[in-house]
Visitor: 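Below is one structure. I have some questions about it.
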Protein chains: 2
Amino acid sequence: MEDKDYLKLIGENISSIRKSKNLSTNEFASRCEMEKSNLIPIEKGRINVTINTLIKIANALNVPLDDLLKF
Amino acid sequence: MEDKDYLKLIGENISSIRKSKNLSTNEFASRCEMEKSNLIPIEKGRINVTINTLIKIANALNVPLDDLLKF
DNA sequence: ATTTTAGGTATGATATATAATACCTTTCAA
DNA sequence: TTGAAAGGTATTATATATCATACCTAAAAT
């Protein structure tokens, strides 16, 4: 599997968990203490996220890190 | 748990798996197609690795990504 | 004794993740 | 019929991940 594919899957995981918790991108960004302009491309799989960012996201979504990395 | 702690744990995971497979840092770096000068600080938990790098590492070690992220 | 090999550090260059801000469009409630 | 609130994009700036290379020390191998 290509790197890009992993990023896309991670983005989809994040996006679908966020939606399942009824969080807007704004609310989500504020919980992550990150910029929406950075989070949306992450959900689209356009950014090669760092582990610290993934941890922030997992915390904001209140899920274990593993949930973001299911392939 | 602090970000730094996660990085340290991930580094320890990587280091101990590498050693358990009897890989030198040079051989490891070459399998990752990465620089040793970047991998050693990762093992020390000094670098906020990206997902693509973690995936390269997991592939080089022939373990699932999850194995690097056990806390 | 000399050479390898292994772990490790230092440094300058380049690519890119993230911040910060502004803006656009559509939808829907007031 | 306006004006929030939603998803999304664009851009500039800053921090830092990764590359590329050179170098050091200690321990083993020859």
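Just so it is clear: chains get the letters A, B, ... in the order the sequence lines come, proteins before strands, and each one is counted from 1. FYI, side chains are in, hydrogens and waters are out, and symmetry mates aren't considered; it's all heavy atoms of this structure.
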Visitor: Check for me, please, whether A:Leu61 and A:Ile40 land in the same ILVMFWY cluster - side-chain distances under 4.5 Å, paths through other members count.
Guide: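 In one cluster: no.
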Visitor: Without swapping roles, check the side chain of A:Asn48 against the backbone of B:Thr50 for a donor-acceptor pair under 3.5 Å.
Guide: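 No; judged by distance alone, with no hydrogens or angles, the pair does not exist.
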Visitor: Polar pairs (N or O, both sides) under 3.5 Å between protein and nucleotides 25-30 of chain C?
Guide:
none

Visitor: Encode nucleotides 16-30 of chain D as B, S and - characters from 5' to 3', where the letter depends on protein heavy atoms closer than 4.0 Å: B to the base, S only to sugar-phosphate, - to neither.
Guide: -SBSBB---------
Visitor: Tell me, please, which residues at least two apart from B:Ser15 pass side chain to side chain contact (heavy atoms under 4.5 Å, CB included).
Guide: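 With neighbours one apart ignored, the set is B:Arg18, B:Lys19, B:Glu43.
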Visitor: Could you tell me which residues satisfy salt bridge (charged side-chain N to carboxylate O under 4.0 Å, His left out) with A:Arg46, sequence neighbours excluded, listed by chain and number?
Guide: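 If we apply the salt bridge (charged side-chain N to carboxylate O under 4.0 Å, His left out) test to A:Arg46, skipping adjacent residues, there are no hits.
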Visitor: My understanding is that only residues two or more places apart in sequence, or in another chain, count here; which of them pass salt bridge (charged side-chain N to carboxylate O under 4.0 Å, His left out) with A:Glu27?
Guide: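 Residues passing salt bridge (charged side-chain N to carboxylate O under 4.0 Å, His left out) with A:Glu27: A:Arg31.
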Visitor: Counting distance only, does the side-chain N/O of B:Lys8 pair as donor-acceptor with the main-chain N or O of B:Lys44 below 3.5 Å?
Guide: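 Here the side-chain-to-backbone pair does not exist.
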Visitor: Rounded to whole angstrom units, what separation is found between the CG atom of B:Leu23 and the C1' atom of C:dG7?
Guide: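 These atoms are roughly 14 Å apart.
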Visitor: Roughly, in whole Å, what's the span from CG in B:Asn26 to C1' in C:dT4?
Guide: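 It works out to 11 Å between those atoms.
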Visitor: Take B:Ile51 and A:Leu7, measure what side-chain contact (heavy atoms from CB on, under 4.5 Å) needs, and give me the verdict at the end.
Guide: CA-CA 8 Å; B:Ile51 271 292; A:Leu7 296 183; 3.9 Å; yes
Visitor: Among pairs that include at least one residue of residues 55-71 of chain A, which meet side chain to side chain donor-acceptor pair (under 3.5 Å), considering only residues two or more places apart or in two chains?
Guide: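 Pairs touching residues 55-71 of chain A that pass the test: A:Asp67-A:Lys70.
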Visitor: Within less than 4.0 Å of OP1 or OP2 of D:dA6, is there a side-chain N or O belonging to A:Arg18?
Guide: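 No, no such contact exists.
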Visitor: In whole angstroms, how far is the P atom of C:dT18 from the CG atom of A:Leu39?
Guide: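 The answer, rounded to whole Å, is 9 Å.
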Visitor: Within the structure, does a side-chain N or O atom of B:Thr25 lie under 4.0 Å from either OP1 or OP2 of C:dG7?
Guide: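 The answer is yes; a side-chain N or O of B:Thr25 sits under 4.0 Å from OP1 or OP2.
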